[in-house]
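In the text below, chain A, chain B and the rest are named by the order of the sequence lines, each starting its count at 1. All heavy atoms count here, side chains included; hydrogens, waters and symmetry mates do not.
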Amino acid sequence: MFIVLARVDSRTMAAKISDDGGALGIEYVSDLAEFVRKEEPQHPRWVWDDTSTWYPELLAAGIRIERCFDLRLCHAILRSSALTAESALATAPQGVWDAPASVVTPRPERGAALFDLDVDPGAVPVLADPLAEFTLQRAAVAGSAEPGRIGRLLAAESAGALIAAEMRFAGLPWRADAHDAILTSILGSRPLESARPQKLQEILEIVREKLESPDLNPDSPADLLRALGVAGLQVASTRSWELKQLKHPAIAPLLEYKKLARLLSANGWHWLDTWVVNGRFRPDYVPGGVVTGRWATSGGGALQLPKQVRGAVIADEGWKFVVADASQLEPRILAAMAGDRGMVEAGATGDLYAGIVASGAVETRDQAKIAMLGAMYGATTGESGRLMPRLSQAYPRAIAKVEEAARAGERGEVVTTQLGRSSPPGQRFEGWNEARSEADTSRARERSRAWGRFTRNFIVQGTAAEWALCWMASIRRRLGELDDRWLTDAPHLVFFLHDEVVVHTPAELTVPVSVLLADAAAEAGRLLFGELPVTFPLTIATVDNYGEAK
DNA sequence: TGGGCTTGCGCC
DNA sequence: AAAGGGCGCAAGCCCA
């Protein structure tokens with residue numbers, strides 16, 4: 001059963017729909033939390049416009065749900081998926097469901113056809129009517145050549161939305177005192193106002209002295225470039241890797257200054273005051289926030305937490321973290337997508353890069369890693385570019401897969417992930433004619449190649465994101481089966497980073513949690529690739545603080 | 001003073 | 001050693 005929820009004139013309506021799409025009844029809901037609590041034991045799939053506007057209030061009321069269907073996220077997938085390109089949904093003009101999250105709030109006019117169950121799937125909803133949209137989406141999936149594939153993606157995406165809300169609700173344990181101690185040991189104690197901390201100030205004085213530039217502000221690239229020039233150091237930019245090439249007594253302290261200044265500005269005391277409240281860091285996760293299907297976050301830079309400060313992520317008394325990351329996820333995804341038996345076998349032992357070396361394709365593990373990264377990102381020069389032909393010879397199917405994706409992008413075509421997320425439409429770059437200059441032509445060619453690098457990476461990054469969603473959905477379900485206590489009283493997910501999860505768990509449950517994480521990884525592999533014998537090994541660590549992992 | 005752009009760097 | 005994919009954020013800088 002589905003229960004479609006909608007807010008109409010500040011009231012909440014619920015429509016029950018059977019699995020075959022038949023209407024079972026409509027009612028007004030006066031107390032949402034009470035209603036959901038009463039219906040949830042029937043295991044309905046809750047259908048709503050936007051999980052982030054419905055679920056937090058339920059969690060605050062102490063209610064979790066098992067399944068949902070997030071119409072806004074699913075609309076975005078169906079709108080551009082090659083698997084549903086012919087659907088009424090995809091061929092309709094842009095509407096409210098294509099707008100950014102904050103705009104998709106159903107405010108139908110009084111007397112509008114909200115909950116009209118005889119919606120014509122070909123009709124375009126003028127208003128954000130969730131029932132009409134749900135009907136359109138069901139029709140799009142049913143009419144797809146591979147309804148199971150796209151259906152799995154929509155389910156995974158929606159499960160991700162629930163997990164994002166739950167992780168924000170639970171928060172990542174964060175000890176302000178430990179964070180302060182880390183900052184103090186690296187930067188010196190917290191300064192008053194906006195002064196530089198002592199150690200940063202000391203290094204700054206050394207840099208100024210060595211560059212004979214007493215007023216230098218290294219935080220200003222222009223100012224720094226000028227000072228370096230005066231000292232006879234010619235560089236095109238002030239990036240660290242470029243400065244590292246230079247031999248000059250000012251360089252070492254300058255690089256040190258940059259490192260400390262970065263820590264201070266990105267994750268210093270100001271960050272701590274802003275983002276850590278009552279011992280928890282609560283970033284705003286944005287499922288589907290990246291075109292490839294990866295999550296984004298807003299606020300606090302949760303996906304960029306530097307290793308330096310992870311020591312402040314400390315489990316509660318009597319609790320532990322189980323940290324799991326999928327080893328070499330993207331190359332394994334590529335091997336599986338391409339059905340490249342050789343590369344799948346190279347990964348069977350647990351270390352894919354070692355397996356590539358063992359096959360004789362390259363000499364060292366480092367080379368294997370660089371070559372694989374180059375294949376997935378589209379490197380053309382350097383060591384990575386030079387290793388490509390050898391990789392291509394050893395693993396023709398895997399490399400052909402990414403090469404085809406790149407060529408398709410260069411031609412302006414759309415590429416699609418394993419479960420059916422498609423890349424944004426490209427342009428045709430070769431539409432130049434002889435009236436255009438040589439420079440224009442070469443610019444067009446470079447843009448075309450750049451788009452090809454994007455589509456090349458899209459299929460791998462996007463399919464890896466699908467794997468991660470399936471993994472997390474399975475983890476969430478298995479955690480619920482392991483322990484039926486309330487979310488934050490039982491083992492629960494507290495962090496996610498593309499190919500890595502952190503579970504906060506009572507110390508006595510670390511073993512079953514570790515087992516479940518590995519089982520979930522295997523299940524994710526089957527969901528994407530069926531019975532293809534591809535393995536997704538995990539590196540699992542049980543720790544008291546996140547800094548100890550890896 | 002505030003918005004938008006660029007630069008640089010953290011994560012995968 | 002620094003090429004190649006995806007992000008978010010802070011600071012400087014420029015301009016209205």
Practice problem: Mind checking A:Ser220 for me? I need base, sugar-phosphate or nothing, with any heavy atom below 4.0 Å counting as a touch. | Solution: sugar-phosphate

Exercise. Determine the contact category for A:Leu329: base if any of its heavy atoms lies under 4.0 Å from a base atom, sugar-phosphate if only primed atoms, P, OP1 or OP2 are that close, otherwise nothing.
Key: nothing

Self-check item: Selected nucleotide, minimal atom distance to A:Asn457 side chain, candidates C:dG8, C:dG6, B:dG8
Solution: C:dG6

Quiz item: Within the structure shown, what part of the strands sits under 4.0 Å from A:Val291 by heavy-atom distance: base, sugar-phosphate, or nothing?
Solution: sugar-phosphate

Quiz item: Which part of the nucleic acid, if any, lies within reach of A:Gly289 when heavy atoms closer than 4.0 Å are counted: base, sugar-phosphate only, or nothing?
Solution: nothing

Quiz item: Which whole-number value in Å describes the distance from A:Ile399 CD1 to C:dG4 P?
Solution: 18 Å

Quiz item: Between the main-chain N or O of A:Ala354 and the side-chain N or O of A:Arg365, is there a donor-acceptor pair closer than 3.5 Å?
Solution: no

Exercise. Tell whether A:Arg294 reaches the base of B:dC12 with its side chain through a donor-acceptor pair below 3.5 angstrom.
Key: yes

Quiz prompt | Per-pair stack call A:Tyr377 and C:dG5, 5.5 Å, 30° | solution = yes

Self-check item: Selected nucleotide, minimal atom distance to A:Pro306 side chain, candidates C:dC7, B:dG10, C:dA2
Solution: B:dG10

Self-check item: Side chain of A:Arg262 - closest among B:dG10, C:dA11, C:dG12
Solution: B:dG10

Exercise. Assign A:Arg239 to base, sugar-phosphate, or nothing according to its heavy-atom contacts below 4.0 angstrom with the strands shown.
Key: sugar-phosphate

Quiz item: With sugar-phosphate meaning primed atoms plus P, OP1 and OP2, does A:Thr380 contact a base, only sugar-phosphate, or nothing at under 4.0 Å between heavy atoms?
Solution: nothing

Exercise. Determine the contact category for A:Arg310: base if any of its heavy atoms lies under 4.0 Å from a base atom, sugar-phosphate if only primed atoms, P, OP1 or OP2 are that close, otherwise nothing.
Key: sugar-phosphate

Exercise. Using a 4.0 Å heavy-atom cut-off across all strands, classify A:Asn267 as base, sugar-phosphate, or nothing.
Key: nothing

Quiz item: So what does A:Gly301 hit on the nucleic acid, given a heavy-atom distance under 4.0 Å: a base, only sugar-phosphate, or nothing?
Solution: sugar-phosphate

Practice problem: Quick one: label A:Gln245 by what it contacts on the DNA or RNA (base, sugar-phosphate, nothing), any heavy atom closer than 4.0 Å. | Solution: sugar-phosphate

Self-check item: Among B:dG10, C:dA3, B:dC12, the nucleotide that comes nearest once only the side chain of A:Thr381 is considered
Solution: C:dA3

